Undergrad: 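Pasting a structure here, questions to come.
Small disclaimer: the values here were computed from a predicted structure and weren't measured. Both ligands and their constituent atoms are indexed starting at 1 by order of listing.
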Amino acid sequence: MKSENYFINHKSQWCPGCGNFPILSALKKALAKLNIKNENAVVVSGIGCSGKIPHYLKTYGFEGVHGRVLPVATGVKLSNNDLTVIGCAGDGDGYGIGGNHLIHAMRRNIDITYIVHNNQIYGLTTGQVSPTTSLNFKSKTTPFGNIENPLNPLSIALSSGATFVSRGFSGRLDHLVNLIVKGIKHKGFSLIDVFQPCVSFNYLNTYDWFEKRIYDLQKTKHNTNDLFAAHKKTLEENKLPIGILYQIKKPTYDSLLPQIKKQSLVKQNISKVNINPLLKELE
Ligand code: SF4
């Protein structure tokens, strides 16, 4: 299948040069590489610049409320676990407002691919600090510099039991395509944190800034089964690893759930289910 297959004629609202464009392109290419039919993919987003991504994809899509990408994506997956479910959130959406949902989705190991467009700022609302904004960063909400320490999403993912923990960069399209392909193929929850430059409001973390710091972890001797090695990698600050930090096999939530483990809910014949006792209870 070709990536053009997922093209939809909808005018983009993103700023020219925004790091969201390569993420959109990488997602289309990954879906095409995996031959996923349009009707079998669902992209769920929240609020923020990243939240617009379902508008630009010819798949099923749902733009929900702020921070609730994962509850909606979980509902979709449990209703029809034959679908490929992809969540897209920003750093504010995914790590701030939706941070609690993320921890629990990871420990459950539900089979969802979660792409976090991490631009280290609130872009849509024109530049306020987010949970991943660097210390001392001056913004509209921090004119004297950010005094809050940024959280480390990959470290949290490893501590929460995530089975696929990775990081990409909008400036490395082919690398990102492969990462998304591997994330979708992974059976279980896959976190793909993407360094996504916001060219309008983040003057610090630019494409050049990342280019000087990133390196491809899969070109080193890193062992992706080694939890402690992965933890160490999340603590690197001067050089920033991209690629898969950690990946292990574990049963997925949806494969363990008795009601759907043999057949997805939407395919089950419910015509003989007697709901009258339940209705009576609610009278
Ligand atoms: Fe992209 Fe930033 Fe513009 Fe939002 S504000 S579209 S993140 S460049």
Side-chain angles (χ1 to χ4, degrees), residues 6-30 43-57 61-70 86-99 102 113-143 145-146 148 150-151 153 167-173 175-177 179-180 191-214 240 242:
Y6 303 94
F7 173 79
I8 196 158
N9 195 9
H10 190 97
K11 192 169 176 276
S12 177
Q13 303 290 316
W14 290 331
C15 311
C18 172
N20 280 320
F21 285 105
I23 298 177
L24 172 64
S25 175
L27 182 52
K28 284 185 194 164
K29 284 175 190 278
V43 179
V44 179
S45 71
I47 300 295
C49 296
S50 63
K52 299 180 193 297
I53 200 163
H55 304 209
Y56 311 140
L57 277 162
F62 189 100
E63 184 180 2
V65 288
H66 212 184
R68 310 296 169 228
V69 173
L70 289 174
I86 295 153
C88 287
D91 39 305
D93 198 20
Y95 298 146
I97 296 98
L102 173 62
T113 305
Y114 197 38
I115 302 172
V116 180
H117 305 217
N118 185 358
N119 57 18
Q120 297 163 263
I121 195 91
Y122 281 96
L124 189 68
T125 46
T126 70
Q128 298 81 21
V129 290
S130 84
T132 52
T133 305
S134 303
L135 206 58
N136 300 322
F137 184 89
K138 287 190 178 159
S139 74
K140 284 184 178 164
T141 44
T142 55
N146 183 20
E148 295 180 16
L151 64 76
R167 181 156 61 193
F169 170 45
S170 290
R172 295 280 169 89
L173 185 63
H175 181 272
L176 188 54
V177 174
L179 213 51
I180 297 175
L191 174 67
I192 306 173
D193 177 81
V194 185
F195 287 142
Q196 176 249 309
C198 169
V199 294
S200 295
F201 298 107
N202 190 332
Y203 54 84
L204 174 67
N205 308 112
T206 62
Y207 286 96
D208 282 350
W209 189 92
F210 285 116
E211 277 298 347
K212 284 183 191 131
R213 287 165 177 81
I214 58 161
L240 300 168
I242 59 167

Undergrad: Is it the case that more than 12 heavy atoms not belonging to Glu211 sit under 6.0 Å from its CD atom?
TA: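 Counting other residues, nucleotides and ligands, CD of Glu211 exceeds 12 neighbours.
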
Undergrad: Rounded to the nearest 0.5 Å, what separation is found between the CD1 atom of Ile121 and the OG1 atom of Thr133?
TA: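 So the gap between those two atoms works out to 5.0 Å.
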
Undergrad: About how many Å separate CD of Glu148 and CG of Asn136, when rounded to the nearest 0.5 Å?
TA: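 If we round to the nearest 0.5 Å, Asn136:CG and Glu148:CD are 12.0 Å apart.
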
Undergrad: Just go through Tyr122, Phe21, Phe201, Trp14 and tell me whose heavy atom is the nearest to atom 5 (S) of ligand 1.
TA: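 Nearest option to atom 5 (S) of ligand 1, by heavy atoms: Phe201.
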
Undergrad: Taking only non-hydrogen atoms of Leu124, do any sit less than 4.0 angstrom from ligand 1?
TA: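 So Leu124 does not count as touching ligand 1.
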
Undergrad: Verify the neighbour count for atom NZ of Lys138: are there more than 12 heavy atoms of other residues, nucleotides or ligands below 6.0 Å?
TA: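 Not more than 12 within 6.0 Å, no.
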
Undergrad: Under 4.0 Å, counting heavy atoms only: does Gln196 come that close to any atom of ligand 1?
TA: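 Gln196 counts as a contact of ligand 1 under the 4.0 Å cut-off.
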
Undergrad: Taking atom CG of Leu173 and atom CZ of Phe21, what is their separation to the nearest 0.5 Å?
TA: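 These two atoms lie 13.5 Å from each other.
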
Undergrad: Show the nearest heavy-atom pair for residues Asn202 and Asn119, with the distance to one decimal.
TA: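 The pair with the smallest heavy-atom distance is ND2-O, 3.0 Å.
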
Undergrad: Note the single closest protein heavy atom to atom 1 (Fe) of ligand 1, along with its residue, its atom name and the distance in Å.
TA: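 Answer, as residue, atom name and distance: Cys18 SG, 2.3 Å.
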
Undergrad: I need the nearest protein heavy-atom contact for atom 8 (S) of ligand 1: residue, atom name and distance, please.
TA: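 Looking only at protein heavy atoms, the one closest to atom 8 (S) of ligand 1 is Val199 N, 3.5 Å.
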
Undergrad: Tell me which protein heavy atom sits closest to atom 2 (Fe) of ligand 1, plus the residue, atom name and distance to 0.1 Å.
TA: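 That would be Cys198 SG, 2.3 Å.
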
Undergrad: Which value, rounded to the nearest 0.5 Å, describes the distance between Asn118 atom CG and Phe195 atom CZ?
TA: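 If I round to the nearest 0.5 Å, the distance is 6.5 Å.
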
Undergrad: Would you check if atom 1 (Fe) of ligand 1 lies under 2.8 Å from any N, O or S atom of Cys15?
TA: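 Of the N, O and S atoms in Cys15, none lies under 2.8 Å from atom 1 (Fe) of ligand 1, which means no.
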
Undergrad: Please determine whether Cys49 has a backbone or side-chain N, O or S atom lying under 2.8 Å from atom 4 (Fe) of ligand 1.
TA: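 Coordinating: yes.
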
Undergrad: Where's the contact between Asn119 and ligand 1, heavy-atom distance under 4.0 Å: side chain, backbone, both or neither?
TA: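 Under 4.0 Å from ligand 1, Asn119 contributes side-chain atoms alone.
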
